[in-house]
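These figures come from a predicted structure and were not determined experimentally.
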Amino acid sequence: MTSTASKASVPWQIAHLESPVDGIKIRYGTFGIDPSGREADWGVLLLNGRSEWIEKYSDLPHEFGLGSRVMWASLDHRGQGASEGARAHVETYEDFARDAAAVAEAAFGDAPFVVLSHSMGGLIALTAVMRGLIHPRAMVLCSPLLALPNAPLHRTLAKPLARLMVRTLWSQQATGFKSKRESRFSRNALTHSYRGFQKILESPYPYMPPSFGWVAATFAACEQIFAPAALQRLRCPVKIIAGTEESVVDPGAFGPWCKRAQENSCLAEWQQIPQGRHELLNEIPRLRRQTIEEARAWLLKYGPPFSR
């Protein structure tokens, strides 16, 4: 694996590394609040969602206020943003997870770190931890993708259809499902914030519907994170934060997953944000601030390296 820095993007310092999976270029960014150049005490690995990009969350390091000795790192997942790879496609979530682990290694070295995620990033984080690819001290999963919703096609039909398609030459073919961003603001399921909704629409990267391969891989990853053997490998405290108006991912999976994790000796909590929609970190100020405060408290409780 090699890493080559490119022109800096304010505030993220942008670089590229070769994926340990297949050598494609993965675009990642780091943000160190301390301008002195001293080595960070600990890090935050920010794993964003499907069809997102690094700079969408450029204000989070300042909003969280975790201190001047914290290094943030994020990436454009393969197949989205400015990373290489088949658009909106993945063969297995282990590919996502190995890319994320490579970014964590490049950004933090041996320093301890925590994970903050949104949506698909939560499923990637759990996959990476359960397969022993990353070892964060704690995780906060905002609106995590733990189960696909029964729309636009019911799971009983969508799952076998996706599995059938990946056995053909149609694995990388786009499903054609519309994006939630295509709704009018008044009907959108993502955020109550008009400014936040415009931020989504102004993405520099065009939206691509997921491939049949992505759908099949997501079903497989969602099944895996509920498996007792996988949950027994989860050794860090996990907090799920989700809105009461969640409809993009299946909200019915949050409680059962936390219960299953607790049964396997994992510290796991689930908290709801009243009136919150899917993009809690892109919501109106009141809901966004509540989300950040809850996430920050969890990460500070379990993350900082009080002893190294």
Participant: Salt bridge between Arg277 and Glu245, side-chain N to carboxylate O under 4.0 Å?
Facilitator: yes

Participant: Could you walk me through whether Gln80 and Glu52 satisfy the side-chain hydrogen bond (donor to acceptor under 3.5 Å, both in side chains) test, starting with their C-alpha distance in whole Å, then the side-chain angles of each, then the deciding distance to 0.1 Å, before giving a yes or no?
Facilitator: CA-CA 7 Å; Gln80 65 186 50; Glu52 295 191 315; over 6 Å; no

Participant: Sequence neighbours left out, what passes side-chain contact (heavy atoms from CB on, under 4.5 Å) with Thr244? Give chain and number order.
Facilitator: Gln272

Participant: State whether the side chain of Ser51 and the backbone N or O of Tyr207 hold a donor-acceptor pair below 3.5 Å, judged by distance alone.
Facilitator: no

Participant: Nearest 0.5 angstrom please: Met139 CE to Ile240 CD1, how far?
Facilitator: 9.5 Å

Participant: Would the distance check show the side chain of Asp250 and the main-chain N or O of Ala147 forming a donor-acceptor pair, the cut-off being under 3.5 Å?
Facilitator: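 Checking the backbone N and O of Ala147 against the side chain of Asp250, no donor-acceptor pair under 3.5 Å is found.
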
Participant: Mind checking what makes side-chain contact (heavy atoms from CB on, under 4.5 Å) contact with Glu94, not counting sequence neighbours?
Facilitator: Thr92, Arg98, Arg131, Leu133

Participant: What orientation do His62 and Phe31 show, parallel under 30°, tilted 30 to 60°, or perpendicular over 60°?
Facilitator: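 Correct class here is perpendicular.
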
Participant: Ignoring hydrogens and angles, tell me if any N or O in the side chain of Ser143 forms a donor-acceptor pair with the backbone of His278 under 3.5 Å.
Facilitator: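 It does hold such a pair.
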
Participant: Determine the minimum heavy-atom distance between Val238 and Cys266, stating which atoms define it.
Facilitator: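 In this case the closest contact between Val238 and Cys266 is CG2-SG, 4.4 Å.
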
Participant: Is the distance between the ring centroids of Tyr28 and His77 less than 6.0 Å?
Facilitator: no

Participant: Supply the atom-to-atom distance Ser19 OG to Ile24 CD1, rounded to the nearest 0.5 angstrom.
Facilitator: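 Atom-to-atom, Ser19:OG and Ile24:CD1 are 5.5 Å apart.
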
Participant: List the atom pairs, donor and acceptor, that lie under 3.5 Å between side-chain atoms in residues 159-170 and the rest of the protein, sequence neighbours left out.
Facilitator:
{"from": "Lys159", "atom 1": "NZ", "to": "Glu223", "atom 2": "OE2", "distance (Å)": "2.8"}
{"from": "Arg163", "atom 1": "NH2", "to": "Glu223", "atom 2": "OE2", "distance (Å)": "3.3"}
{"from": "Arg167", "atom 1": "NH1", "to": "Arg163", "atom 2": "O", "distance (Å)": "3.4"}
{"from": "Thr168", "atom 1": "OG1", "to": "Met165", "atom 2": "O", "distance (Å)": "2.7"}
{"from": "Thr168", "atom 1": "OG1", "to": "Trp170", "atom 2": "N", "distance (Å)": "3.0"}

Participant: Among residues at least two apart in sequence or on other chains, which ones pass ring pair (Phe, Tyr, Trp, His ring centres under 6.0 Å) with Tyr57?
Facilitator: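 Tyr57 satisfies ring pair (Phe, Tyr, Trp, His ring centres under 6.0 Å) with no residue once adjacent residues are dropped.
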
Participant: Among residues at least two apart in sequence or on other chains, which ones pass side chain to side chain donor-acceptor pair (under 3.5 Å) with Thr156?
Facilitator: His154

Participant: Just by distance, do the side chain of Ser83 and the backbone of Arg27 share a donor-acceptor pair under 3.5 Å?
Facilitator: yes

Participant: Among residues at least two apart in sequence or on other chains, which ones pass side-chain contact (heavy atoms from CB on, under 4.5 Å) with Gln198?
Facilitator: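 Result, side-chain contact (heavy atoms from CB on, under 4.5 Å) vs Gln198: Tyr194, Leu201, Glu202.
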
Participant: Is the count of non-hydrogen atoms from other residues, nucleotides or ligands lying under 6.0 Å from Lys259 atom NZ greater than 12?
Facilitator: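 Result for NZ/Lys259: open.
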
Participant: Got a donor-acceptor contact below 3.5 angstrom from the Gln262 side chain to the Asn264 backbone?
Facilitator: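 Checked: no pair found.
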
Participant: Please check: side-chain N/O of Asp76 versus main-chain N/O of Ile54, any donor-acceptor pairing under 3.5 Å?
Facilitator: yes

Participant: Same cluster or not: are Leu281 and Ile273 linked, directly or through other Ile, Leu, Val, Met, Phe, Trp or Tyr residues, by side-chain heavy atoms under 4.5 angstrom apart?
Facilitator: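 Yes; Ile273 is reachable from Leu281 via cluster members.
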
Participant: If only atom types and distance count, is the side chain of Glu84 paired as donor or acceptor with the main-chain N or O of Lys25 below 3.5 Å?
Facilitator: yes

Participant: Output the distance between atom CG (Leu116) and atom CZ (Arg296), rounded to the nearest 0.5 Å.
Facilitator: 13.0 Å

Participant: Taking atom CE of Met71 and atom CZ of Phe108, what is their separation to the nearest 0.5 Å?
Facilitator: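 Between atom CE of Met71 and atom CZ of Phe108 there are 8.0 Å.
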
Participant: Checking Arg286 side chain against Glu283 main chain: does a donor-acceptor pair fall under 3.5 Å?
Facilitator: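 No: the side chain of Arg286 does not pair with the backbone of Glu283.
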
Participant: Got a second to check how far Asp41's CG is from Phe113's CZ, nearest 0.5 Å?
Facilitator: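 These two atoms lie 15.5 Å from each other.
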
Participant: I want to check something: taking the side chain as every heavy atom from C-beta on, are Pro256 and Phe254 in contact at a cut-off of under 4.5 Å?
Facilitator: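 No - every pair of side-chain heavy atoms lies 4.5 Å or more apart.
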
Participant: Within the distance-only criterion (no hydrogens, no angle test), does the side chain of Glu293 pair as donor or acceptor with the backbone N or O of Gln290 below 3.5 angstrom?
Facilitator: no

Participant: Does the plane of the ring in Phe64 sit parallel, tilted or perpendicular to the ring in Trp72? Use 30° and 60° as the thresholds.
Facilitator: perpendicular

Participant: Check whether any side-chain N or O of Thr191 sits under 3.5 Å from a backbone N or O of Asn282 as a donor-acceptor pair, and report yes or no.
Facilitator: yes

Participant: Can you tell me how far the CD1 atom of Ile284 sits from the OG atom of Ser193, to the nearest 0.5 Å?
Facilitator: 7.5 Å

